[in-house]
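One structure is given here, and the rest of the page talks about it.
To find a chain, count down the sequence lines: A is the first, B the second, and so on, and within it residues start at 1.
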Amino acid sequence: MEKIILPDIKDLHLIDIYIQHGGFAAAKKAFTKTTDDIIDEVKKSGLRGRGGAAFLAGLKWSFMPKSTDKPKYLCINGDESEPGSFKDRQIFEYNPHQLIEGILITAYAIQAKIVYIYIRGEYHKWIKLMQKALDDAYARGFIGEKMKETFGTDFSCEVYIHKGAGAYICGEESSLMNSLEGQRGYPRVKPPFPAQNGLWGNPTTINNVETITNVPPIINKGWEWFSKIGEPRHPGTLLFGVSGHVNKPGVYELPTGTLLTDIIYKYAGGVPGDKKILCVIPGGSSMPPLRGDQLEGVKMDAESLKNAGSAIGTGGVIVMDEDTDLVKVLARIAHFYHHESCGQCTPCREGTGWLEKILKRLVKGEGSSSDLDLLISVATNIEGNTICALGEAAAWPVRFMVTRFRDYFEERVSKEVSLSVKNKVHSMRNTSIPLAPVTR
Amino acid sequence: MEFKFNEENQNKLNTIISHYPVKKAAVMGALWLAQEQSGWISGEVMKEVANQLEMTLEEVLGVVTFYTMYNQKPMGKFHLQVCTNVSCMLRGGALIFDHIKLKLGIDDMHVTDDKMFSLEEVECMGSCGTAPMIAINEDYFENLNISEVDNILESLKNKN
Ligand SMILES: Cc1cc2nc3c(=O)[nH]c(=O)nc-3n(C[C@H](O)[C@H](O)[C@H](O)COP(=O)(O)O)c2cc1C
Ligand code: SF4
Ligand code: FES
């Protein structure tokens, strides 16, 4: 299988090596095309956002108004704070120039003269690596005024890194914009959408790091090539981050539509001690958890996961073995969302607090069966009643975990001991697909 | 004590300001520089940042308190950030946090008497695939177990 985002090329993070392997040819090609052609190409490729919502990238770009005198902005979302997600940092470290090239093409397509890469503050090291890559690209005349000469185009843009400072909510696109503007990172009420009213009231596009890193190969090899990789309705590869109870946790670049069980058993080496799986969260901690016996046949792409009762999110696969205390896990998840709620909307601010409080009670063995109904009711009351999707992100894990593991939770409510529902868990399996080389 | 950016940081700040159409957008960058220079964000820092970026003190305070990474009090020379979120928890992150708490005899967000260490329980740091992890100041230490944590703490003690 061909790797598009993290190919096995030594020292690809160095600009010379990147150029040796055809780097910046896609940008050169793009600047000979019209902006409409590029948007069209990306639209037809079927590239969908890798930041969580899987929205069509080309379609998003086409929302940017054409006839306007206002400055336009592109924001690259590298906040990467969803528990279970650690993929964008691989791009900063191993293939930053492909991200830069994708940025140039995207900025040209939407005619953004200024680009901000918003990177979470904890990523000090990766911010430095990314800044080094930007400095090198500037020095070669690939960014800034000089790019006009380098690429023989009349377009130019500047690219800056904006360092976050520890706030999960700033990954939400409108919060990210407020944070960047120097306000508190409160999400904005939508509409208006960023394409109309983004940074400082100007048209703005926000895309995830991995999304934009897909753009150069699409321009190089064409939309048809891309659209044939993986699952047609959600084509391409994904950087699956596998964590928790697996033998070889890490990031695996695989085509969309890869079986979840293959990711866990073939690539991530299965579960330590050959234990059975109790629960898997397939797309980062905000996504609905699946039971061990729901995993068979589940393909990892947006549409298949929707049908399986979860969502692709960021592709962060968290695996929990049969001995995991799910109540503790869920209490920890609830603590996270309570901590990260920005507090603007009452249902989210109060609801996340309630969820945490009830779950902590359950951990202590002081809960009752009615608490389980209460959890579901509180979660349901958050969903759909908030400004941003953190509400759903907090509610989904609780509602789905309690519903899907009701028997487990019922047994667990009044006892401190950790129980496992052995008859319901997924059994060990072997797949016939040969093992592909492992990404770093 | 009055706070002023040193020359190097003032130059850096001027560059950051030039990246945005509005001065205020440089506030996060300014606070980062100030924290690098003096270790935490004091009232004097906020005054200076507000002054330079033509913001009110309340606006700067609002930003400082919104984020977890701006220290609102001096922290230890080595600020230990232990992730206890799900992926780390599944691989022993919470145990590491409890271990450090006991070993240093301090609670979350506290500093040891000798000002050497401070401890913070943090949310997912993006190291779930190399869990459990701790960050010390700006550096990540991954794939840890208790004895490795002990080794790291020992080596830091000896650094002084
Ligand atoms: C609470 C919350 C946190 C989010 N965090 C991130 C993040 O860290 N990185 C990211 O790319 N998108 C994140 N998103 C999604 C963004 O709002 C946005 O949809 C995405 O950046 C768009 O890029 P894409 O279309 O390329 O996926 C988050 C959304 C919510 C509601
Ligand atoms: S849903 Fe929660 S995080 Fe989002 S705006 Fe409302 S209070 Fe803030
Ligand atoms: S859960 Fe600890 S780094 Fe992600």
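Remark: the backbone N or O of A/S243 is not paired with any side-chain donor or acceptor of B/S87 at under 3.5 angstrom. Between the B/W32 side chain and the A/A165 main chain, no donor and acceptor come within less than 3.5 Å of each other. Distance alone, capped at 3.5 Å, is enough to place a donor-acceptor pair between the A/R89 side chain and the B/G126 backbone.
Annotation: A/Y186 is in aromatic contact with B/F66 [ring centroid separation under 6.0 Å]. Taking the six-membered ring where the residue is Trp, the centroids of B/Y140 and A/H124 are separated by 6.0 Å or more.
Annotation: side chain of B/L90 is in contact with side chain of A/V329 (closest heavy-atom distance under 4.5 Å). Taking the side chain as every heavy atom from C-beta outward, A/K163 and B/M69 never approach each other to under 4.5 Å. A 4.5 Å side-chain heavy-atom check between B/P21 and A/Y73 finds at least one atom pair inside the cut-off. Using a 4.5 Å cut-off on side-chain heavy atoms (C-beta onward), B/H19 and A/I161 make no contact. Looking at B/M28 and A/S179, their side chains come closer than 4.5 Å, going by heavy atoms from C-beta outward.
In plain terms, the two heavy atoms of B/S127 and A/F86 that are nearest each other are N-CB, 4.4 Å. Contact record, B/A25 with A/W200: CB-CZ2, 3.7 Å, taken as the closest heavy-atom pair. The two residues A/G84 and B/C128 come nearest to each other via the heavy atoms N-SG, 3.4 Å. Between B/C124 and A/S81 the shortest heavy-atom distance is CB-O, 4.4 Å.
Annotation: maximal heavy-atom pairing with chain A below 4.5 Å, among B/T65, B/V63, B/V22, B/T84, occurs at B/T84. Heavy-atom pairs under 4.5 Å with chain A peak, among B/K23, B/K24, B/E123, at B/E123. Interface summary for chain A: among B/G29, B/G62, B/C83, the most heavy-atom pairs under 4.5 angstrom belong to B/G62.
With a threshold of 4.5 angstrom between heavy atoms, B/V122 approaches chain A through N, CA, C or O but not through any side-chain atom. With a 4.5 angstrom heavy-atom cutoff, A/E122 touches chain B via backbone and side-chain atoms both. Heavy atoms closer than 4.5 Å to chain A are found nowhere in B/E59, neither backbone nor side chain. Neither the backbone nor the side chain of A/Y168 comes within contact range of chain B; no heavy atoms are under 4.5 Å apart. Only the side chain of A/I169 comes within contact range of chain B, judged by heavy atoms closer than 4.5 Å. Both the backbone and the side chain of B/M125 come within less than 4.5 Å of a heavy atom in chain A. Contacts of A/I318 with chain B are made by side-chain atoms alone, with heavy-atom separations under 4.5 Å and no backbone atom involved.
For residues 334-344 of chain A, there are no salt bridge (charged side-chain N to carboxylate O under 4.0 Å, His left out) pairs, not counting sequence neighbours.
One distance of note links CD of B/E138 with CD1 of A/I127; it measures 8.5 Å at 0.5 Å rounding.
Ring pair B/Y20/A/H162 is perpendicular by interplanar angle, where above 60° counts as perpendicular and below 30° as parallel.
For the salt bridge (charged side-chain N to carboxylate O under 4.0 Å, His left out) test, no residue two or more places apart in sequence or in another chain qualifies with B/R91.
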Could you please spell out the steps behind the side-chain contact (heavy atoms from CB on, under 4.5 Å) verdict for B/D139 and A/K125?
-> CA-CA 7 Å; B/D139 300 319; A/K125 172 182 161 188; over 6 Å; no
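Ion pairing between B/E58 and A/R184 fails under the 4.0 Å rule for side-chain N and carboxylate O.
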